[in-house]
Undergrad: 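This is the structure, below, for whatever I ask next.
To find a chain, count down the sequence lines: A is the first, B the second, and so on, and within it residues start at 1. Basis for what follows: all heavy atoms, side chains included, without hydrogens, waters or symmetry-related copies. Since the model is a prediction, treat every value here as computed from it, not as a measurement.
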Amino acid sequence: MPEGHTIHRAATEHRGLLAGREVEVRSPQGRFADGARLLDGRRLDDVEAHGKHLFYRWDTGDIVHVHLGLFGKFRRHEGTPPEPRPTTRLRMAVPAGAIDLTGPTACALMDEGGRERILTRLGPDPLRDDADPERFVRRVLRSRAPVGTLLMDQSVIAGVGNVYRAESLFARGIHPSREGRDLTEDEARALWDTVREMLRDGVRRGRIITTSPHELGIPRSRMRRGDRTYVYRQDACRRCGGPVERWTVAGRNAFACPACQPGR
DNA sequence: AAGAATGTTATGTA
DNA sequence: CTACATAACATTCT
């Protein structure tokens, strides 16, 4: 379930619950046993999000790196949590509540060097105040790769996944197959702005909704799963009603409305 | 209940 | 060297 909005939301939530406190750390199945043993009872100092990556800083100087991948998920329990399930990779508990992690691509101990190694291969993250949009714009305008590929490339822009790729390009009327260098500077900047707005909205709502009930002609209360996107996983474009193209790029589904997103 | 899914990385092939 | 495709890995939901 995770694109950048999920990660930044988790960082805020986990910081609020855990930071500055001594945390009970557990890892059933021994999957993170070494880390859990080392960190159990230590103080968590901070939680940082960058793109889809999370970094938990501990008073030992250790950093726990978490990447949710495709299946990773956090669950929160208030108060005393139930016994962790066998698939629980990491539990961080304080008296007020607990965070459980399942299915991550990455959950590993590292040091500052490891964190920096990851950050150097990440592009600007539109959810971060320190992000430089021009880095994204330059990279896009110089590349002959399709803009749909560039948006999913975490070294070009960090935090965008398959849904935001489809929906942000739709919002700007840009076909994913257009080459980066064929975009105008204005298009590239507007694309960054759109992605940032969508991500912020995702953080606020805790889910991705890029459609407006007004445009769909559905009352907000009747909106359901399937009404949340214009082209992502749609057969018909929710704006013009025309057929949505669906094809595979690097093993992932890509979506576009050829009428609303001209250019290849 | 098989199949699909909001990811990344390493390795193979053209 | 680049640019692809494919496999591997993780789990839940329909």
Side-chain angles (χ1 to χ4, degrees), chain A residues 1-10 27-32 49-55 65-76 84-91 100-108 110 114-115 117-123 125-127 139 142-171 176-177 179-181 194-195 198-211 224-235 246-256:
Chain A
M1 294 207 129
E3 298 199 22
H5 69 295
T6 310
I7 306 308
H8 280 260
R9 193 165 226 271
S27 181
Q29 272 200 318
R31 294 154 143 311
F32 186 62
H50 202 128
K52 301 174 189 172
H53 298 257
L54 280 166
F55 301 97
H65 169 234
V66 171
H67 192 293
L68 262 37
L70 196 49
F71 307 130
K73 197 169 206 167
F74 288 112
R75 281 195 181 71
R76 177 170 177 159
R85 309 175 54 175
T87 55
T88 303
R89 183 81 67 90
L90 174 66
R91 162 168 291 176
D100 282 354
L101 168 67
T102 58
T105 284
C107 172
M110 58 174 58
R115 172 179 165 276
R117 232 167 291 132
I118 289 167
L119 291 190
T120 54
R121 36 173 228 256
L122 289 182
D125 173 354
L127 284 175
R139 192 71 193 276
R142 259 191 230 140
S143 175
R144 57 205 157 132
V147 63
T149 303
L150 292 170
L151 273 183
M152 293 276 282
D153 182 340
Q154 302 299 302
S155 72
V156 173
I157 180 171
V160 175
N162 213 8
V163 184
Y164 285 126
R165 162 173 74 174
E167 295 297 305
S168 62
L169 288 170
F170 176 84
S177 297
E179 292 185 10
R181 62 179 180 182
T194 295
V195 169
M198 286 186 168
L199 280 164
R200 283 184 178 171
D201 190 67
V203 171
R204 194 167 48 83
R205 300 191 203 236
R207 57 176 36 156
I208 303 176
I209 302 174
T210 62
T211 51
R224 6 176 326 187
R225 192 174 51 254
D227 296 328
R228 295 178 189 163
T229 56
Y230 286 102
V231 290
Y232 176 75
R233 287 220 239 175
Q234 300 290 353
D235 293 321
R246 180 194 284 235
W247 72 107
T248 295
V249 184
R252 313 294 304 281
N253 291 321
F255 305 85

Undergrad: List the atom of A/L169, the atom of A/G148, and the distance in Å for their closest heavy-atom pair.
TA: CD1-CA, 4.0 Å
Undergrad: When you check every protein heavy atom under 4.0 Å of nucleotides 8-14 of chain C, what one-letter string (B, S, -) results, 5' to 3'?
TA: --BBSS-
Undergrad: Classify A/R252 by what it touches in the nucleic acid, base, sugar-phosphate, or nothing, heavy-atom distance under 4.0 Å.
TA: base
Undergrad: Check the distance between B/dT6's C1' and A/R205's CZ and give it to me in whole angstrom.
TA: 16 Å
Undergrad: If you compare all heavy atoms of A/I7 against all heavy atoms of A/P2, which two are closest, and at what distance to 0.1 Å?
TA: CD1-CB, 4.2 Å
Undergrad: Are OP1 or OP2 of B/dA4 and a side-chain N or O of A/N253 less than 4.0 angstrom apart?
TA: no
Undergrad: Students often mix this up, so state it plainly: with edges at 30° and 60°, are the rings of A/F255 and A/Y232 parallel, tilted or perpendicular?
TA: perpendicular
Undergrad: Assign A/H5 to base, sugar-phosphate, or nothing according to its heavy-atom contacts below 4.0 angstrom with the strands shown.
TA: base
Undergrad: B/dT6 P sits how many Å from A/L127 CG, rounded?
TA: 19 Å
Undergrad: Can you tell me, in whole Å, how much space there is between the P of C/dT6 and that of B/dA4?
TA: 15 Å
Undergrad: Return the 5'-most residue of the pair A/A250, A/R246 with respect to DNA chain B, ranking by each residue's nearest nucleotide.
TA: A/R246
Undergrad: Nearest to the A/R121 side chain among B/dT8, B/dT9, C/dA3, which nucleotide is it?
TA: B/dT9
Undergrad: Let me know the distance between NE2 of A/H67 and C1' of B/dA10, rounded to the nearest Å.
TA: 16 Å
Undergrad: Please give, in whole Å, the distance from B/dA4 P to A/N162 CG?
TA: 15 Å
Undergrad: Look at all strands and tell whether A/L68 reaches a base, only sugar-phosphate, or nothing, counting heavy atoms closer than 4.0 Å.
TA: nothing
Undergrad: State plainly whether the residues A/D227 and A/R224 are in salt-bridge range, i.e. N to O under 4.0 Å.
TA: no
Undergrad: Whole-Å distance between B/dT9 P and A/Q154 CD?
TA: 9 Å
Undergrad: Kindly determine whether A/K52 and A/T105 satisfy side-chain contact (heavy atoms from CB on, under 4.5 Å), including the steps that lead there.
TA: CA-CA 11 Å; A/K52 301 174 189 172; A/T105 284; over 6 Å; no
Undergrad: What heavy-atom pair brings A/L101 and A/L68 nearest, and what distance separates the two atoms?
TA: CD1-CD1, 3.8 Å
Undergrad: From CZ of A/R144 over to P of C/dT2, roughly how many Å is that when rounded to an integer?
TA: 9 Å
Undergrad: Find the partner of C/dA10: check Watson-Crick (N1-N3 plus N6-O4 or O6-N4) and G-U wobble (N1-O2, O6-N3) distances, both under 3.5 Å, and reply none if neither fits.
TA: none
Undergrad: Once you apply the 3.5 Å cut-off to both distances, tell me the Watson-Crick or G-U wobble partner of B/dT6, or none.
TA: none
Undergrad: Is a side-chain N or O of A/S143 found less than 3.5 angstrom from the main chain of A/R139, in a donor-acceptor match?
TA: no
Undergrad: Return the value, rounded to whole Å, for the distance between atom CE of A/M152 and atom P of B/dT9.
TA: 13 Å
Undergrad: Would you indicate whether A/R205, at its atom CZ, is surrounded by more than 12 heavy atoms from other residues, nucleotides or ligands within a distance under 6.0 Å?
TA: yes
Undergrad: Over how many whole Å does the gap from A/Y164 atom OH to B/dG7 atom P extend?
TA: 11 Å
Undergrad: How far does the P atom of C/dA7 sit from the matching atom of B/dG3, given to the nearest Å?
TA: 16 Å
